[in-house]
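What follows is one structure encoded as structure tokens, with my remarks underneath.
Throughout, residue positions are numbered sequentially from 1 according to the sequence presented. Indexing begins at 1, ligand by ligand and atom by atom, following the structure's order.
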Amino acid sequence: MRIGVLTSGGDAPGMNAAIRAVVRTAIFNKVEVYGINRGFAGLLEGDITPFSVYSVADILQRGGTILRTSRSEFFATEAGVKQGAKVLEEYGIDHLIIIGGDGSMNGALALQKLGVSVVGIPGTIDNDLGFTDYTIGFDTAVTTALDAISKIRDTTYSHNRINVVQVMGRKCGDIALYSGLSGGAEALILPEVETDLDAICLRLLQGKDRGKLHSIVMLAEGCGNYRDYCVKIEEKTQVTTKGTNLGYIQRGGSPSNMDRNLASFMGYNAVLSIIKKETGTVMAQRCGSYLGIPIEEALAMPKIFRQDIYDMASVLSI
Ligand code: F6P
């Protein structure tokens, strides 16, 4: 039996831990394992190398992905998926493990529909997949954002200002939501909630009147640019408003304990499910348990917005 593994889409801290778990579990079970470089783009070009137990030494603590990654437009076409399946056949790869986000899991589904045996592992800092409580990389990204918020809070307090902190998340505001809760942000601007900037500004001014010396506004990138919000908020509140975009800092760095463990469980279980001939699934963590869910069913599960966390964050930051 021969397994291939690739990482695709935006990289996420913990992808290396998942690769390591896949390779070690395969080799332990006497299954050959091949690394496919640069995601689906590398698959289409046959950029494939055999992995040994040493290939994944000393990568558990490293951010990024040793396999590197890409976003392939051609693979998203019917011709692209067919070519991908053909390359796998040429290399004698019987099963493919795909580590990535939404687009990558849709690529997995397209391959499965052509009869390729696939297992998906959710790896994205966005935490935007409805079938799993957490995706690999999310916890590290939130921890990175939290560290930045704490630093920004220090200087915001000293200068008695407002600071808008922009984090990643186009359709899903989880990074802003979770780091905003743990960082004590005064306001959250998320794609899932309609923004009432007047109400936000009123809230910031009420806090100031009660003696608050700092105000942090967390902004998810899907809601617009922090610079525009800074201008509008300063106009409405007459308080100096600065802004910071955390950008790609959120995608790098050594993975947290949670991400390493999540990645290890998922990588290990992905290989075990292949050995048990239970493929066509994605790995998920739901309510503390690990399970495989049929890909199509998993992708149809809507991402549920945690209104309860949003409400709690609003109460705790009055
Ligand atoms: O999907 C992960 C993510 O980091 C998003 O949060 C962000 O919008 C996007 O990728 C950025 O993509 P790129 O690396 O192509 O600029």
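- Evaluation of the side-chain hydrogen bond (donor to acceptor under 3.5 Å, both in side chains) test over residues 192-202, restricted to residues two or more places apart or in two chains, returns Asp198-Lys236.
- A salt bridge does not link Asp102 to Lys171: none of the charged nitrogens lies less than 4.0 Å from a carboxylate oxygen.
- Panel note: side chain Thr69, backbone Gly9; a donor-acceptor pair is recorded below 3.5 Å.
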Which pairs of nitrogen or oxygen atoms, taken one from ligand 1 and one from the protein, are under 3.5 angstrom apart?
| residue | atom | partner | partner atom | Å |
| --- | --- | --- | --- | --- |
| ligand 1 | 1 (O) | Asp126 | OD2 | 3.0 |
| ligand 1 | 4 (O) | Arg251 | NH1 | 2.8 |
| ligand 1 | 6 (O) | Asp126 | OD1 | 2.6 |
| ligand 1 | 6 (O) | Asp126 | OD2 | 3.4 |
| ligand 1 | 6 (O) | Glu221 | OE2 | 3.4 |
| ligand 1 | 8 (O) | Arg170 | NE | 3.1 |
| ligand 1 | 8 (O) | Glu221 | OE2 | 2.4 |
| ligand 1 | 10 (O) | Arg71 | NH2 | 3.1 |
| ligand 1 | 10 (O) | Arg251 | NH1 | 3.1 |
| ligand 1 | 12 (O) | Arg71 | NH2 | 2.9 |
| ligand 1 | 14 (O) | Arg251 | NH1 | 3.1 |
| ligand 1 | 14 (O) | Arg251 | NH2 | 2.8 |
| ligand 1 | 15 (O) | Arg71 | NE | 3.0 |
| ligand 1 | 15 (O) | Arg71 | NH2 | 3.4 |
| ligand 1 | 16 (O) | Tyr248 | OH | 2.4 |

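- Taking 4.5 Å as the limit, some side-chain heavy atom of Thr240 sits within range of a side-chain heavy atom of Glu234.
- Under a 3.5 Å cut-off, the side chain of Lys303 and the backbone N or O of Asn127 do form a donor-acceptor pair.
- Taking the six-membered ring for Trp and thresholds of 30 and 60 degrees, Phe138 and Tyr178 have ring planes more than 60 degrees apart, a perpendicular arrangement.
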